[in-house]
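Heads up, the thing below is written out as structure tokens.
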Amino acid sequence: MGEEKGGEEKIMFKKILIANRGEIALRVMRACRELNILSVAVFSEADRSAPHTRYADEAYFIGPSPSTESYLRIDKILDVAKKSKAEAIHPGYGFLAENENFAKAVEGAGIMFIGPTSKAMALLGDKTAARQTMSKAGIPIIPGMEKPLRNEEEAKKIAEKIGFPILIKAAGGGGGKGMRMVENKSGLQSALKGAIAEASSAFGNPAVYIEKYLLHPRHVEIQVLADNFGKVVHLNERECSIQRRYQKMIEESPCCIMTEDLRRKMGESAKKVAKTAGYTNAGTVEFLVDKNKNFYFLEVNTRLQVEHPVTELVTGIDIVKEQIHIASGEKLRLKQEEVWLRGAAIECRISAEDPDNNFFPSTGRIEEIVDPTGPGIRVESGIFEGYEIPLFYDPLIAKVLAWGRDRQEAIVRMQRALSEYKIKGIKTTIPFHKRILSHRDFLGGNFDTGFLQKILDTPLPKEQNEEIAAMAAAIIALKEEESPIIKESKETMSNWKKVSRWMMLRR
């Protein structure tokens with residue numbers, strides 16, 4: 001069990017395998033290093049030189065680049081765990097993190113799974129079963145189905161009963177996969193087929209269900225920690241309404257519309273959800289909040305969230321370390337009254353995508369990186385100069401976080417950080433994040449889950465387009481050896497030993 005000697009923390013585990021890649025694998029490995037635990041990495045062909053492969057104390061090759069042949073292979077990961085004599089496995093997020101069969105296989109191999117039990121994961125991983133359980137426990141849920149959809153005829157009946165617009169959602173997974181919003185009955189058939197196909201591809205489970213689509217809600221989630229002795233605490237809320245196609249892009253804490261009373265009610269409901277499901281370790285209870293501040297249970301993410309650092313910054317609690325302590329059999333080291341908010345934090349997810357080309361994935365070699373630094377800035381990245389962005393995985397390559405004494409300072413620091421952040425060689429979402437953070441509605445906290453689509457539907461102001469065109473022209477001029485600007489400058493300033501090109505361009 002856990003104890004401290006001479007300021008050095010010592011717990012049960014001596015070695016942990018991280019069944020993931022990229023920045024989240026590094027995040028877990030750093031927590032292991034601080035706890036004096038050896039870390040074991042697994043890597044595919046595409047990740048032979050990846051940062052997580054090099055950072056780990058031990059690294060094992062598990063197969064070709066496609067995730068279906070490497071990171072999703074339960075047998076290969078368990079084989080490495082046995083070879084390396086790892087006592088526990090941390091799944092990170094994505095891949096097998098919410099796969100009950102993986103959790104069950106880890107448990108069956110006599111290895112500790114750093115997350116909820118396979119039983120709790122099975123209950124909460126099935127969204128319809130979770131809705132049914134929470135409804136019985138008195139947790140408010142969005143009107144809709146509590147069992148998977150059987151056929152198209154049933155879909156028509158349910159849709160007519162609860163009224164359009166509706167959401168078709170995957171029963172066996174989250175993250176926006178297998179999800180379709182349907183405005184009227186004419187779009188039901190095609191949306192249903194698309195949702196089923198995507199759910200089957202993403203989760204190996206074609207089951208979907210229907211719930212009422214709430215107009216203009218905010219997406220607010222509550223982080224919880226639960227030990228094996230029945231104790232649960234919540235770590236307050238995160239605002240996650242800035243999302244594109246149900247994929248979050250910006251998260252922050254605290255939520256702009258939160259009151260102490262609403263926070264208390266949502267926090268207690270989240271704890272009740274965890275206790276009802278027999279949940280242990282770290283998890284996130286997601287809610288939708290309407291314009292009248294009524295909240296509805298959405299789902300539970302049975303894993304560490306991408307946005308967990310937001311909560312770490314405003315609470316000072318290392319969630320990954322807490323996960324490890326709980327998994328080692330320790331009692332929760334926190335009391336609810338010891339959890340309090342300090343300041344505000346914002347996270348921007350940086351992806352290798354081209355915002356000007358419908359967020360098409362951008363692959364290639366990273367030629368240069370300049371990370372933002374300075375007061376209140378935290379960067380979690382899985383890339384380096386010379387790294388080749390692979391085609392096979394999620395386009396998320398880094399996360400930038402900013403902390404401030406209040407929301408305004410956090411935003412100003414994030415704006416500065418994004419202006420400093422340079423990633424050359426590929427397209428990224430950095431310019432789009434800058435656009436969001438300068439929008440008056442975002443600055444004023446006046447947004448909901450449909451906010452991002454409004455930005456995408458709004459063309460850039462004319463003067464901004466002209467400015468971009470001017471910058472592009474200047475860059476082209478610089479690259480052309482016989483540029484008229486360069487020629488003229490050389491002739492008129494021939495007495496200079498070295499001419500500044502930016503000076504030639506009047507900059």
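Start at 1 with the first residue, then count along the sequence.
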Checking side chain to side chain contact (heavy atoms under 4.5 Å, CB included) for the pair M266/V289: CA distance, chi angles, key distance, verdict? CA-CA 10 Å; M266 292 183 71; V289 183; 4.0 Å; yes
Please report the C-alpha distance between F447 and H439 in whole Å, then the side-chain angles of each, then the deciding distance to 0.1 Å, and finally whether the ring-ring contact (aromatic ring centres under 6.0 Å, His included) criterion is met. CA-CA 10 Å; F447 53 82; H439 197 284; 9.9 Å; no
Determine, step by step, whether I426 and T363 satisfy the side chain to side chain contact (heavy atoms under 4.5 Å, CB included) criterion, reporting the C-alpha distance in whole Å, the side-chain angles of both residues, the deciding distance to 0.1 Å, and the verdict. CA-CA 6 Å; I426 61 168; T363 58; over 6 Å; no
I'd like to know whether L456 forms a side chain to side chain contact (heavy atoms under 4.5 Å, CB included) with F432, so could you lay out the CA-CA distance, the side-chain angles of the two residues, the decisive distance to 0.1 Å, and finally the verdict. CA-CA 10 Å; L456 291 168; F432 191 69; 3.6 Å; yes
Check the pair I114 / L304 against side chain to side chain contact (heavy atoms under 4.5 Å, CB included), numbers first and verdict last. CA-CA 10 Å; I114 302 179; L304 189 68; over 6 Å; no
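E312 pairs with exactly one of K399, R342, R378 by the salt bridge (charged side-chain N to carboxylate O under 4.0 Å, His left out) rule, that one being R378. Just one residue in the list Q323, E347, R27 forms a side-chain hydrogen bond (donor to acceptor under 3.5 Å, both in side chains) with H308, and that residue is R27. Each of N228, V232, D227, T280 was checked for a side-chain contact (heavy atoms from CB on, under 4.5 Å) with L332, and the lone residue meeting it is D227. Applying side-chain contact (heavy atoms from CB on, under 4.5 Å) to Y421 and the options I377, T428, I350 leaves one that passes, I350.
Between E153 and K156 there is a salt bridge, since a side-chain N of the basic residue sits under 4.0 Å from a carboxylate O of the acidic one. Between K193 and E152, no side-chain nitrogen of the basic residue sits less than 4.0 Å from a carboxylate oxygen of the acidic one, so the salt-bridge criterion is not met. Contact check on R264 versus D261 returns a salt bridge, with a Lys/Arg side-chain nitrogen under 4.0 Å from an Asp/Glu carboxylate oxygen. One finds no salt bridge joining E160 and K157 here, because no Lys/Arg side-chain nitrogen approaches an Asp/Glu carboxylate oxygen to under 4.0 Å.
Aromatic ring pairs are classed by plane angle as parallel below 30°, tilted from 30° to 60° and perpendicular above 60°; the pair Y393 and Y71 is perpendicular.
You'll find the side chain of L262 stays beyond 4.5 Å of the side chain of E237, heavy atoms only. Side-chain contact between V42 and K76: absent, with no pair of heavy atoms (C-beta onward) separated by less than 4.5 Å.
No more than 12 heavy-atom neighbours from other residues, nucleotides or ligands sit within 6.0 angstrom of NZ on K119. Counting non-hydrogen atoms of other residues, nucleotides and ligands closer than 6.0 Å to NZ of K271 gives a total above 12. Residue E107 places its CD atom among more than 12 non-hydrogen atoms of other residues, nucleotides or ligands, all under 6.0 Å distant. Other residues, nucleotides and ligands contribute at most 12 non-hydrogen atoms within 6.0 Å of the NZ atom of K265. Counting non-hydrogen atoms of neighbouring residues, nucleotides and ligands closer than 6.0 angstrom, the CD atom of Q408 reaches no more than 12 such neighbours. In the displayed structure, K104 atom NZ is contacted under 6.0 Å by at most 12 heavy atoms of other residues, nucleotides or ligands.
Contact record, A25 with H52: CB-CB, 3.7 Å, taken as the closest heavy-atom pair. The two residues V182 and F164 make their nearest non-hydrogen contact at O-CD2, 3.6 Å. Nearest heavy-atom pair across G343 and W403 is CA-NE1, 3.9 Å. Minimum interatomic distance between D394 and L396 (heavy atoms only, all atoms of both residues): OD1-N, 2.8 Å. Here the closest non-hydrogen pair linking P254 and R263 is CB-NH2, 3.6 Å. Heavy-atom minimum distance, A31 versus V320: CB-CG1, 3.6 Å.
Side-chain atoms of E307 do not come within 3.5 Å of backbone N or O of E251 as any donor-acceptor pair. Of the possible donor and acceptor atoms, none in the side chain of K231 sits under 3.5 Å from a partner among the backbone N and O of K331.
For the atom pair OG (S362) and CG (D354), the distance works out to 6.5 Å, reported to the nearest 0.5 Å. Remark: L334 CG to L225 CG distance equals 6.5 Å, nearest 0.5 Å. Annotation: the span from E252 atom CD to C348 atom SG amounts to 10.0 Å, rounded to 0.5 Å. Atom CG of L341 and atom OG1 of T315 lie 8.0 Å apart (nearest 0.5 Å). Within the model, atoms CG of N101 and CG of L96 stand 9.5 Å from one another, a figure rounded to the nearest 0.5 Å. The structure places CG of L235 at 6.5 Å from OG1 of T311, a figure rounded to the nearest 0.5 Å.
Judged as a salt bridge (charged side-chain N to carboxylate O under 4.0 Å, His left out), and not counting sequence neighbours, the contacts of E221 are R238, K248.
Under the 6.0 Å distance and 45° angle rule, R407 counts as a cation-pi partner of F442.
Judged purely by distance below 3.5 Å, without hydrogens or angles, the side chains of R303 and Q305 pair a donor atom with an acceptor atom.
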